[in-house]
Amino acid sequence: MQRRTTTEVRVGELGIGSMHPVRIQSMTTTLTMDTEATIAQSIRMIEAGCEIVRITAPSLREAKNLEFIRKGLQDRGFNVPLCADIHYTPNAAEVAARLVEKVRINPGNYVDKKNFNVIEYDDATYASEMVRIRERFLPLITICKEHGTAMRIGTNHGSLSDRIMSRYGDTAIGMVESALEFLRIAEDESYFNIVLSMKSSNPLVMVEAYRLLVHRLEQEGLRPYPLHLGVTEAGEGEDGRVKSAVGIGTLLQEGLGDTIRVSLTEEPEAELPVAKMLAERPVSPDVINSLRSGAPEFVHGKQQGRDALHSARNEAIRVANIGAGFVPRVIADLSTIAISSMSDLAPLGHVYDEPTDKWLMAEQGCDYIYSGSQPIPFMLPNGVRELMDVASWLEQDEHLYKVPVYASPTEYRDACSAATIDLPGISASAVRHSVMNVVRINIADAQASFSDASLVELFRNDSTIVILAESHNRQPLTPYRNFFDALPAFGIQAPIVLRRMCSETDFDLLRLNASTDVGGMLVDGHGNGVMLSAEYPRLDELNALAFNILQATRTRITKTEYISCPSCGRTLFDLQETTAAIREQTDHLKGLKIGIMGCIVNGPGEMADADYGYVGSGPERITLYRGKDIVRRNIPTADALQELVAIIKEDDRWIERDKKIPGE
Ligand code: SF4
């Protein structure tokens, strides 16, 4: 991993990019006109580690008030640079650029109003649009140059202009082009104090857009501007953290990103510890090397900014219900935990209901259990299969629904060549299963294993092998990638389960790191299953985390998706409270995407691909959307949730909640 070399951007006294550490920032949620509340919240953010405070400036009034907020902070001894957040209002940007160190503009709405119109642009019309943008944008550039003000050209997936949407669609290419339209004008004017961002609420789109941006900057001979990373409208709690780690963590691990903002529907102070953990993780190659154990891992391939244009899913074959055609599987690791009763499986989503004498299965019920050398003393429910070390497997009475795990490729090869023995319950008697054999591979040893032609031959031709790919590297994303990059050359198409060895003792850190490492591979289309192995005692949290990583990477949907904005000075209701109430009513509607947005100005655009939208449209007023269409306008807040439920019912997408399974 090598950090991308960038230009340096000065935000007041603070440097971004170049040799500077990854900068942490966040945004206030108070009304910008409430000077004292904004100062107080900014101080809480700064004390939590915020290095740049962003404040919304929806109109000239708020832009002018930034002067008093700035002064109030300075009077209290806080000199952290401020950034004005601008949508739709160039005049506010031009005022703010004189008062604060940085302005953020959204190229999707700086000049254009969004009407969701599809317009055919020929080259001449498009060129005349560029002239119009230039005229509107030049005054801001001139002011920024005069005052030494920095700028973020911040594209949002959900708020691309009608022009970009008409020409490029709702795509990563459209996002990049949206920023480049403005960037080219700035470069023509020799203004370079610019940071770029490509945010989306979908981490897959976000990762692709940043990679593509880096590629396009290089291709067009533009400067390597620093990148501001963020997953927008990530939501709250674990979902927001997992999504943020999948997007931001993945890019940081490949050397991209110079400043980050984690957007949670929580108090802004809560974002900063998360951002810090993400920013501080990538360390120098020397430290990574010292953390490595064993032989060097595969080392080749492009490490810095993956090739966004050619990322492809690995083509695994199908083995039982893993691999081709199946969603990634979740394997719970119980090898260090003794299971004695059926109730021990409840944290894994399999609950025995004594009154009915039936097993219930939660949406997030694990698919396999790895018991190591401590076999589970009862039959597993709900079609769950048990994986166990081969020595224990051989001692079982039943072999069909239990699957052997081999400690290494050579152990499996030895088993294949051993004398055949009789095993009850399976058709082909041998020291291996007739359908599925799980082989552990320590990635650090993989290069040595695959330099043995007979092992490569075995892995290429044996259609029962599932690889359990383990890395003991504390930063396994790059080793995992190198492993996946190497496999096609050997012709190996066995399904691969990512086993992350979690050495973190703090679950907050474990959650972010595992989401980055496993999520980063799933984003690239790699991995047919997930297994999180940890000393951490809360099996329910580990199990939910595995499923939540799959949900965030949209590889397996097991619950409702909420796209909620982090709120800001435009917000018209209590987002945290409202999100909790909507969740309470709808969290059983698996697969539905519900946007919860604080304001009508940006909310509808930023809901991206939500199926339904709940958007603040005035004091105590809500407007409800079906996709991009308004279906209830300005209804009282008190009725809004029931109306939302009614619309979902009208669309035949409502289901009654089953008996709630404990832990769900
Ligand atoms: S959608 Fe939310 S965060 Fe975005 S501008 Fe509106 S209230 Fe602020």
Side-chain angles (χ1 to χ4, degrees), residues 25-34 37-38 41-42 45 53-59 61-63 66 83-89 92-93 96 103-110 113-114 116 152 154-160 197 199-202 206 228 230-236 240 243-244 261-271 562-580 582 593-610 612-625 628 630 634 637 640:
Q25 54 176 297
S26 182
M27 187 167 175
T28 55
T29 58
T30 48
L31 291 174
T32 307
M33 291 311 294
D34 188 341
T38 305
Q41 191 177 58
S42 300
M45 290 158 59
V53 174
R54 184 153 50 107
I55 302 172
T56 188
S59 75
R61 279 173 74 224
E62 286 85 355
L66 293 173
C83 174
D85 196 62
I86 305 291
H87 297 270
Y88 298 104
T89 44
V103 285
R104 177 269 168 124
I105 63 154
N106 179 342
N109 61 28
Y110 189 70
K113 290 267 177 290
K114 190 158 179 67
F116 299 104
R152 169 158 67 101
T155 304
N156 267 12
H157 182 214
S159 55
L160 299 174
S197 68
K199 296 195 186 183
S200 169
S201 61
N202 179 342
M206 174 263 192
H228 165 127
V231 175
T232 188
E233 285 87 37
E236 57 175 353
K243 270 195 208 174
S244 300
R261 190 257 169 127
V262 171
S263 301
L264 300 177
T265 308
E266 298 176 23
E267 292 303 315
E269 306 89 281
E271 297 177 351
Y562 297 94
I563 301 164
S564 56
C565 79
S567 88
C568 71
R570 292 181 190 263
T571 310
L572 292 160
F573 56 84
D574 185 326
L575 256 157
Q576 292 177 50
E577 209 174 80
T578 306
T579 304
I582 294 175
K593 296 198 272 301
I594 301 178
I596 306 161
M597 298 288 144
C599 76
I600 198 90
V601 183
N602 291 326
E606 299 194 7
M607 287 186 306
D609 58 352
Y612 298 97
Y614 181 108
V615 180
S617 50
E620 289 301 310
R621 295 281 144 178
I622 299 296
T623 292
L624 298 178
Y625 286 73
K628 300 279 184 216
I630 293 177
N634 286 333
T637 302

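Counting starts at 1 for both ligands and their atoms, following the listed order. Numbering starts at 1 and runs along the sequence shown.
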- Task: Apply side chain to side chain contact (heavy atoms under 4.5 Å, CB included) to Met27 and Glu271, showing your working.
- Result: CA-CA 10 Å; Met27 187 167 175; Glu271 297 177 351; 5.8 Å; no
Which of the atoms in ligand 1, numbered in the order shown and given with their element, are less than 4.0 Å from a heavy-atom of [X]?
| X | value |
| --- | --- |
| Cys568 | 3 (S), 5 (S), 7 (S), 8 (Fe) |
| Arg570 | 5 (S) |
| Ser567 | 3 (S) |
| Asn602 | 5 (S) |

- Cys599 backbone or side-chain N/O/S under 2.8 Å from atom 8 (Fe) of ligand 1: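 Of the N, O and S atoms in Cys599, none lies under 2.8 Å from atom 8 (Fe) of ligand 1, which means no.
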- Message: Regarding Cys565, does it place an N, O or S atom less than 2.8 Å from atom 6 (Fe) of ligand 1?
- Response: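 No - counting backbone and side chain alike, Cys565 has no N, O or S atom under 2.8 Å.
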- Message: Using 0.5 Å steps for rounding, measure from the CG atom of Asn109 to the CG atom of Asn602.
- Response: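 Atom-to-atom, Asn109:CG and Asn602:CG are 6.0 Å apart.
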- Message: Holding to side chain to side chain contact (heavy atoms under 4.5 Å, CB included), I want the full list of residues that pass it with Leu31, two or more places apart in sequence or in another chain.
- Response: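 For Leu31, the residues satisfying side chain to side chain contact (heavy atoms under 4.5 Å, CB included) (neighbours in sequence not counted) are Asp34.
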- Message: Which heavy atom of Ala57 sits nearest to which heavy atom of Leu66, and what is that distance?
- Response: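 Closest pair (atom of Ala57, atom of Leu66, distance): CB-CD1, 4.5 Å.
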- Task: For atom 4 (Fe) of ligand 1, grab the closest protein heavy atom and report residue, atom and distance to one decimal in Å.
- Result: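 Of every protein heavy atom, Glu606 OE1, 3.9 Å lies nearest to atom 4 (Fe) of ligand 1.
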- Query: For atom 7 (S) of ligand 1, what's the nearest protein heavy atom and its distance?
  - Reply: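 So the nearest neighbour among protein heavy atoms is Thr571 OG1, 3.3 Å.
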- Query: Short question: side chain of Thr232, backbone of Ser200 - any donor-acceptor pair under 3.5 Å?
  - Reply: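 No.
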- Are any side-chain N or O atoms of Ser564 and backbone N or O atoms of Ile596, one a donor and one an acceptor, separated by less than 3.5 Å?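 Such a contact is absent between Ser564 side chain and Ile596 backbone.
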